[in-house]
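Computed from a predicted structure; not experimentally measured.
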Amino acid sequence: MLIGIPLENQKREDCKPKECAVEMAQYLDTVANKRCKIAFSKVFSYFAPRLRSYALKQMGNEALAMELVQDTMSNVWQKAHLFNSEKGSPSTWIFTIARNIRFDMLRKLQNRKEDVCSDDIWPILCEQTADTKIAPLDQQITLEEVGQFFEGLPKKQKAVVEAIYIDGKSQQEVADDLDIPLGTVKSRTRLALQRLKDMLKEYD
Amino acid sequence: MSPALSLMIASHMDMCKKCMESFDLLQERAVNSFESSHNSFADNVDFSQMFKDITEDKPFCDGYYCPVPQSVVTTTLQLEGKVFNIPQPLQRFAEKARNQGWSKHLGKIWQAGVTIGGKNLAQFIYMEQGCVVPEHSHTGNEITLVIDGQFSDGMSSYDSGDLIFLNDSHTHSPYTANHNGCLVFSIVDSPLHFTDGWAKLINPLSNLYFKANTD
């Protein structure tokens, strides 16, 4: 069904990395929100060849290089919602995913027994596992959907919830970071969670 | 770089703004070279099957990347009524240490070994105030990260965030003397060798102990 989507393999050299960053960030956003294959094809055709060159240089083996490309791009497709343009450019994000996968690939290939994985060293794609505070909600609702509702929160509430539930900070740390009273952090968290709950109820 | 070394350096960076900044700079350079690494050969590679597999969410052999679930992470360790913040890369191992519990040696040294795999012995060590570890040499490499506190060892003094590399040419006797207690995380790839008086007696035990923990 997607065979009709052309892969733009050719001639994107005219696109300067900085300009591309904005464009690619928008595509990633569309992939995250709409599972849009066309948007993903834009990201894919820009990054897949680059990843392949990078992987070939690092691993020196065509099959492994393609595996690295596929594993990286799969993660981009499935976890686009974890991309945060405030934390860095799409290239940085995708590069760091590839680097992590390479670390774990090497570990596996060399049959090392070390129990140290890339996520210990560079947590890039850590997803908040279902939190007890949001637990009573319908099991059917996927993280992606919650992510979409989350986008709908007011900016200030979003920042607080993100710091606490995604970055795992304590309420006090968040208060210090944002330079606001602890009480404000608590009320914003409460309001945000209430709002999420309401949105999810409506959705049901 | 071995995984054990990567772990130690990442933990140090988590505590050291300067190294983190250098790292960011290096990473940015790597990203730039990655982004400009497109060569025209790649234009002839057919990615369409891969694109199809990915977007149809076909399970892909065994994905290499496995995120660490938040539930197996401990951000602080508590000992003797004190609370220590653990650098992010060590948090999964802190959870192991917490579950396993601490053992006390020589009156003032607390120790919690964790498996990090490979031919390594990794442990959190807490030296109480006024603690002296008997003089020892190393039969291999030892990397130590000071997580919280200070200690000295006759060669130098160390503070929170310091990363210490020692090998078989170093003999030392860590002590906390006037300092408050000190929590460190240390990885050795072969046993310590005690060189001082009565402590020599525990060398054979230290060997046994080392083997038992790395099997």
Side-chain angles (χ1 to χ4, degrees), chain A residues 2-3 5 7 9-10 12-13 17 20 37 40-41 44-45 48-54 57 66-71 73-78 89 91-92 95-105 107-108 112-129 168, chain B residues 2-4 6-7 9-11 13 24 27-28 30-48 50-71 73 75 88-93 96 114-120 122:
Chain A
L2 78 127
I3 293 154
I5 300 171
L7 283 183
N9 260 344
Q10 266 84 44
R12 292 203 54 121
E13 263 74 0
C20 268
K37 289 183 183 178
F40 182 64
S41 79
F44 186 91
S45 40
R50 286 172 166 79
L51 282 168
R52 183 180 164 279
S53 308
Y54 162 78
K57 233 184 283 170
M66 290 303 265
E67 242 183 89
L68 183 65
V69 178
Q70 179 155 357
D71 208 4
M73 292 313 293
S74 296
N75 274 292
V76 172
W77 169 245
Q78 281 159 17
S89 69
S91 336
T92 304
F95 171 83
T96 52
I97 295 173
R99 178 200 53 200
N100 276 21
I101 292 170
R102 181 176 156 255
F103 182 95
D104 291 335
M105 266 173 110
R107 193 164 60 102
K108 214 167 213 177
R112 285 196 184 146
K113 299 253 162 53
E114 269 95 345
D115 177 31
V116 175
C117 56
S118 64
D119 208 51
D120 290 317
I121 295 168
W122 309 285
I124 304 293
L125 297 175
C126 41
E127 192 141 18
Q128 188 66 3
T129 41
Chain B
S2 76
S6 306
L7 186 71
I9 290 179
S11 306
M13 273 180 359
D24 286 343
Q27 176 168 284
E28 200 181 306
V31 171
N32 287 339
S33 92
F34 154 67
E35 210 172 353
S36 53
S37 69
H38 184 167
N39 67 43
S40 47
F41 286 120
D43 286 341
N44 302 323
V45 179
D46 185 12
F47 285 106
S48 57
M50 187 192 288
F51 181 85
K52 197 162 168 281
D53 289 348
I54 290 174
T55 50
E56 285 173 5
D57 295 321
K58 266 198 197 154
F60 166 59
C61 57
D62 39 8
Y64 289 98
Y65 180 79
C66 55
V68 172
Q70 293 294 306
S71 54
V73 154
T75 56
Q88 173 269 319
L90 295 180
Q91 289 175 359
R92 194 163 59 89
F93 304 100
K96 288 187 185 180
V114 295
T115 38
I116 63 162
K119 203 172 85 51
N120 299 299

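The nearest pair of heavy atoms linking A/Val116 to B/Leu7 is CG1-CD1, 4.1 Å. Between B/Phe51 and A/Lys37, the shortest heavy-atom distance links the atoms CZ-O, 3.6 Å. B/Ile54 and A/Met73 make their closest contact through CD1-CB, 3.5 Å (heavy atoms, listed as atom of the first residue, atom of the second, distance). When all heavy atoms are compared, the tightest approach of B/Ala30 to A/Phe95 is CB-CZ, 3.6 Å.
In this structure, NZ in A/Lys57 is found 5.0 Å from OG in B/Ser33, a value given to the nearest 0.5 Å.
For a residue to count as touching a neighbouring chain, one of its non-hydrogen atoms must lie under 4.5 Å from one of that chain's; by this rule A/Arg99 touches chain B with the side chain only. No part of A/Val76 comes within reach of chain B, as not one of its non-hydrogen atoms sits under 4.5 angstrom from that chain.
Under the 4.5 Å side-chain criterion, counting only non-hydrogen atoms from C-beta, A/Pro49 is in contact with B/Phe47. Counting heavy atoms from C-beta outward, A/Phe103 and B/Ser6 have side chains that approach closer than 4.5 Å. Annotation: side chain of B/Gln88 is not in contact with side chain of A/Asp120 (no heavy-atom distance under 4.5 Å).
When atom types are taken as modelled, the side chain of B/Glu35 and the backbone of A/Ser91 share no donor-acceptor pair closer than 3.5 angstrom.
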Could you go through the side chain to side chain contact (heavy atoms under 4.5 Å, CB included) check for A/Cys117 and B/Arg92 one step at a time? CA-CA 10 Å; A/Cys117 56; B/Arg92 194 163 59 89; 4.0 Å; yes

